[in-house]
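Okay, so here's the structure we're looking at.
Sequence positions, counted from 1, serve as the residue numbers for this chain.
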Amino acid sequence: MIGQTIAAALGTVAFSVLFGVPRKYYGYCGLVGGAGWCLYSILTVYTACTAVEATFFATFLVVLLSRFLAVWEKCLATVFLTAGVFPLVPGTGIYWTAYYLVTDRPAEAADNGFAAVKAAFAIVLGIVLVFEVPDRFFKMKK
């Protein structure tokens, strides 16, 4: 699990480079992506959470950290959020959906496609919820 977390952090930094995040934020982006993946791994392995629930809670953490770092560094939260959510995106689910469609296995394609859509919805829901609540919190703090 530690190796996966480090890989997620490094992948997040690479994604940050790809999307032109300023160099001084690479470490923060890696921290956010690694923390999100670590929570996702812990929830899926050691608790009864489903992958969708774990994705939601990990996204919640990623967005929360992004908001805190945005205030700390006086920049936009999307700098950290865009890169930090990268490890949680259901890319393998989308890949297997397309694979099963091409190999004429519609039942497996539907199962994987529905799981990918649920994970994507969990990501969106986590982003929306955290962006609504901390906005007021940070305004009161100033």
Side-chain angles (χ1 to χ4, degrees), residues 1-102 105-142:
M1 188 177 311
I2 294 171
Q4 287 183 5
T5 301
I6 292 169
L10 291 175
T12 303
V13 170
F15 198 70
S16 301
V17 172
L18 181 67
F19 276 101
V21 171
R23 181 173 285 162
K24 66 181 179 178
Y25 300 133
Y26 289 167
Y28 291 130
C29 290
L31 174 75
V32 170
W37 183 258
C38 184
L39 181 61
Y40 174 83
S41 298
I42 289 169
L43 291 176
T44 54
V45 173
Y46 296 112
T47 68
C49 281
T50 65
V52 174
E53 293 166 341
T55 301
F56 170 76
F57 291 120
T59 302
F60 195 90
L61 176 66
V62 165
V63 181
L64 195 62
L65 288 174
S66 297
R67 290 289 292 139
F68 280 121
L69 288 171
V71 170
W72 180 280
E73 289 293 320
K74 296 181 177 99
C75 67
L76 297 173
T78 54
V79 170
F80 309 110
L81 175 62
T82 304
V85 80
F86 171 71
L88 302 173
V89 173
T92 56
I94 296 167
Y95 169 82
W96 286 111
T97 301
Y99 175 79
Y100 289 136
L101 283 173
V102 170
R105 294 169 23 191
E108 289 97 341
D111 289 342
N112 279 288
F114 189 59
V117 168
K118 288 191 300 187
F121 183 72
I123 291 170
V124 170
L125 188 61
I127 291 170
V128 168
L129 286 177
V130 177
F131 262 106
E132 182 59 32
V133 176
D135 192 29
R136 294 185 190 123
F137 172 76
F138 288 118
K139 284 183 182 176
M140 289 186 332
K141 195 167 185 165
K142 288 184 179 178

When rounded to the nearest 0.5 angstrom, what distance separates CG in L69 from OH in Y25? 10.0 Å
Report yes if the side chains of F80 and L31 come closer than 4.5 Å at any heavy-atom pair, otherwise no. no
Which distance, rounded to the nearest 0.5 Å, do you find between the OG1 of T44 and the OH of Y46? 9.5 Å
Only residue of N112, I123, V117, T97 satisfying side chain to side chain contact (heavy atoms under 4.5 Å, CB included) with P90 is I123
Atom OG1 of T59 and atom CG of L64: how far apart are they, to the nearest 0.5 Å? 12.0 Å
Taking all heavy atoms of G30 and all of A9, pick out the closest pair and write down the distance. O-CB, 3.3 Å
Going from OH on Y40 to CZ on F57, what distance comes out if it is rounded to the nearest 0.5 angstrom? 13.5 Å
What is the distance from atom NZ of K118 to atom CZ of F56, rounded to the nearest 0.5 Å? 15.5 Å
Just jot down the side chain to side chain contact (heavy atoms under 4.5 Å, CB included) partners of A35, sequence neighbours excluded, or say none. L61, L65
For residues 11-19, run the donor-acceptor check on the side chains, cut-off 3.5 Å, and write out each pair with its distance to 0.1 Å, sequence neighbours left out.
residue	atom	partner	partner atom	Å
T12	OG1	A8	O	2.7
S16	OG	T12	O	2.8

Can you list the residues that meet the side-chain hydrogen bond (donor to acceptor under 3.5 Å, both in side chains) rule with Y28, with sequence neighbours excluded? E73
Interatomic distance, CZ@F86 vs CG@L81, rounded to 0.5 Å, equals 14.0 Å
Kindly write out the residues that satisfy side chain to side chain contact (heavy atoms under 4.5 Å, CB included) with L76, not counting sequence neighbours, or none if the list is empty. T78, V79
Nearest heavy-atom pair of G34 and T5: which atoms, and what distance? O-CG2, 3.4 Å
S41: which residues meet the side-chain hydrogen bond (donor to acceptor under 3.5 Å, both in side chains) condition with it, sequence neighbours left out? W37
Quick one: side chains of residues 47-55, donor-acceptor pairs under 3.5 Å with protein atoms, not counting sequence neighbours, listed by atom name and distance.
residue	atom	partner	partner atom	Å
T47	OG1	L43	O	2.3
T47	OG1	C49	N	3.3
T50	OG1	E53	N	3.2
E53	OE1	T50	N	3.0
T55	OG1	A51	O	2.7

